Amino acid sequence: MPAQQPIPAEELRAAVDAVRPWLAGAAEQPPRSVLGAAVRTSARWLAQQVPGRSVELRVPPHVAVQLVPGPRHTRGTPPNVVETDAATWLRLAAGELRWAEAVAAGAVSASGNRADLSPHLPLSPLR
């Protein structure tokens with residue numbers, strides 16, 4: 001499998017900007033393809049900024065990526081997993097929701113000692 005090309009910051013901004021009205025409650029949910037592109041682009045952008053294989057970020061049904069340096073996981077369920085829905089992930093990525101608030105509200109499931117993504121959020125091009 002060939003390595004993925006780096007995602008430019010402009011591509012990340014464009015993908016997330018397409019769903020911002022929905023995130024703000026000013027528009028209906030965008031088509032699945034648009035929402036999926038925003039989720040995949042933002043999760044993969046974070047994975048390229050914080051490369052590694054010790055944490056798995058899951059935003060079903062759109063994407064699962066491995067990131068954060070540390071011990072590599074190879075089989076079964078990883079010990080460090082972050083899982084959330086598309087809207088919560090995009091709000092975290094864009095800085096519209098704080099990590100601690102999302103975890104406290106149960107909107108993010110974060111298990112494992114490396115599963116705290118707060119140092120990496122919001123994504124710098126989206127601030």
Side-chain angles (χ1 to χ4, degrees):
M1 176 184 245
Q4 283 189 318
Q5 294 293 324
I7 298 167
E10 299 77 32
E11 184 178 331
L12 169 63
R13 278 192 291 272
V16 174
D17 284 351
V19 300
R20 280 189 192 263
W22 171 64
L23 293 174
E28 297 209 10
Q29 183 170 331
R32 182 181 168 118
S33 60
V34 173
L35 181 57
V39 171
R40 282 188 303 277
T41 302
S42 56
R44 290 176 180 158
W45 190 90
L46 179 60
Q48 81 184 17
Q49 301 306 307
V50 190
R53 297 185 61 98
S54 69
V55 176
E56 186 166 287
L57 168 62
R58 299 174 182 167
V59 186
H62 304 289
V63 73
V65 295
Q66 292 185 347
L67 57 152
V68 180
R72 183 174 181 209
H73 169 75
T74 56
R75 301 181 104 175
T77 301
N80 299 286
V81 175
V82 173
E83 187 165 340
T84 190
D85 62 276
T88 300
W89 166 248
L90 291 168
R91 287 184 179 110
L92 287 165
E96 296 172 11
L97 178 63
R98 291 181 47 227
W99 177 262
E101 294 168 355
V103 171
V108 171
S109 169
S111 62
N113 61 351
R114 295 177 181 271
D116 181 358
L117 298 181
S118 62
H120 313 293
L121 297 169
L123 304 182
S124 58
L126 301 178
R127 288 188 183 135

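Source: prediction; values computed, not measured.
In terms of heavy-atom proximity, Ala87 sits nearest to Leu23 at O-CD2, 3.8 Å. Nearest approach of Val16 to Ser42, heavy atoms of both residues: CG2-CB, 4.4 Å. Looking at every heavy atom in both residues, Ala115 comes nearest to Ala110 through O-CB, 3.8 Å. Here the shortest heavy-atom pairing between Ala47 and Gln66 reads CB-O, 3.8 Å. Here the shortest heavy-atom pairing between Ala102 and Leu92 reads CB-CD2, 4.1 Å. Of all the heavy atoms in Arg114 and Ser54, the pair that sits closest is CD-OG, 3.4 Å.
Separation of atoms CZ (Arg91) and CD (Glu101) is listed at 12.0 Å; rounding is to 0.5 Å.
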* Worked verdict on Trp89 versus Leu57 for side-chain contact (heavy atoms from CB on, under 4.5 Å) -> CA-CA 10 Å; Trp89 166 248; Leu57 168 62; 3.7 Å; yes

* To do: Test side-chain contact (heavy atoms from CB on, under 4.5 Å) on Leu35 and Leu90 and set out the steps.
  => CA-CA 9 Å; Leu35 181 57; Leu90 291 168; 3.6 Å; yes

* Begin from the C-alpha positions of Leu123 and Leu121 and carry the test side-chain contact (heavy atoms from CB on, under 4.5 Å) through to its verdict. => CA-CA 5 Å; Leu123 304 182; Leu121 297 169; 3.9 Å; yes

* Candidate pair Val19 and Val39, rule side-chain contact (heavy atoms from CB on, under 4.5 Å), full reasoning -> CA-CA 10 Å; Val19 300; Val39 171; over 6 Å; no

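Proximity of a side-chain donor or acceptor of Arg98 to a complementary backbone N or O of Ser118 within less than 3.5 Å is not detected. No donor-acceptor distance shorter than 3.5 angstrom exists from the side chain of Arg44 to the backbone of Val65, with no hydrogens or angles considered. For the pair Arg127 (side chain) and Gly95 (backbone), a donor-acceptor distance under 3.5 Å is absent. Between the Thr41 side chain and the Leu12 main chain, no donor and acceptor come within less than 3.5 Å of each other. No donor-acceptor pair closer than 3.5 Å links the side chain of Ser109 to the backbone N or O of Glu83.
Residue pairs meeting the side-chain hydrogen bond (donor to acceptor under 3.5 Å, both in side chains) criterion with at least one member in residues 18-36, sequence neighbours excluded: Asp17-Arg20, Arg20-Glu96.
When the options Asn80, Leu46, Val82 are evaluated for a side chain to side chain contact (heavy atoms under 4.5 Å, CB included) with Leu67, the one that passes is Leu46.
Note on Val103: it clusters hydrophobically with Leu117, by side-chain heavy-atom contacts below 4.5 Å among ILVMFWY residues. Hydrophobic clustering (side-chain heavy atoms under 4.5 Å, transitive across Ile, Leu, Val, Met, Phe, Trp, Tyr) keeps Val63 apart from Val81. In the hydrophobic cluster analysis, where Ile, Leu, Val, Met, Phe, Trp and Tyr join through side-chain heavy atoms closer than 4.5 angstrom, Trp99 is grouped together with Trp45.
Leu97 has its side chain out of reach of Pro122: every pair of non-hydrogen atoms, C-beta onward, lies at least 4.5 Å apart.
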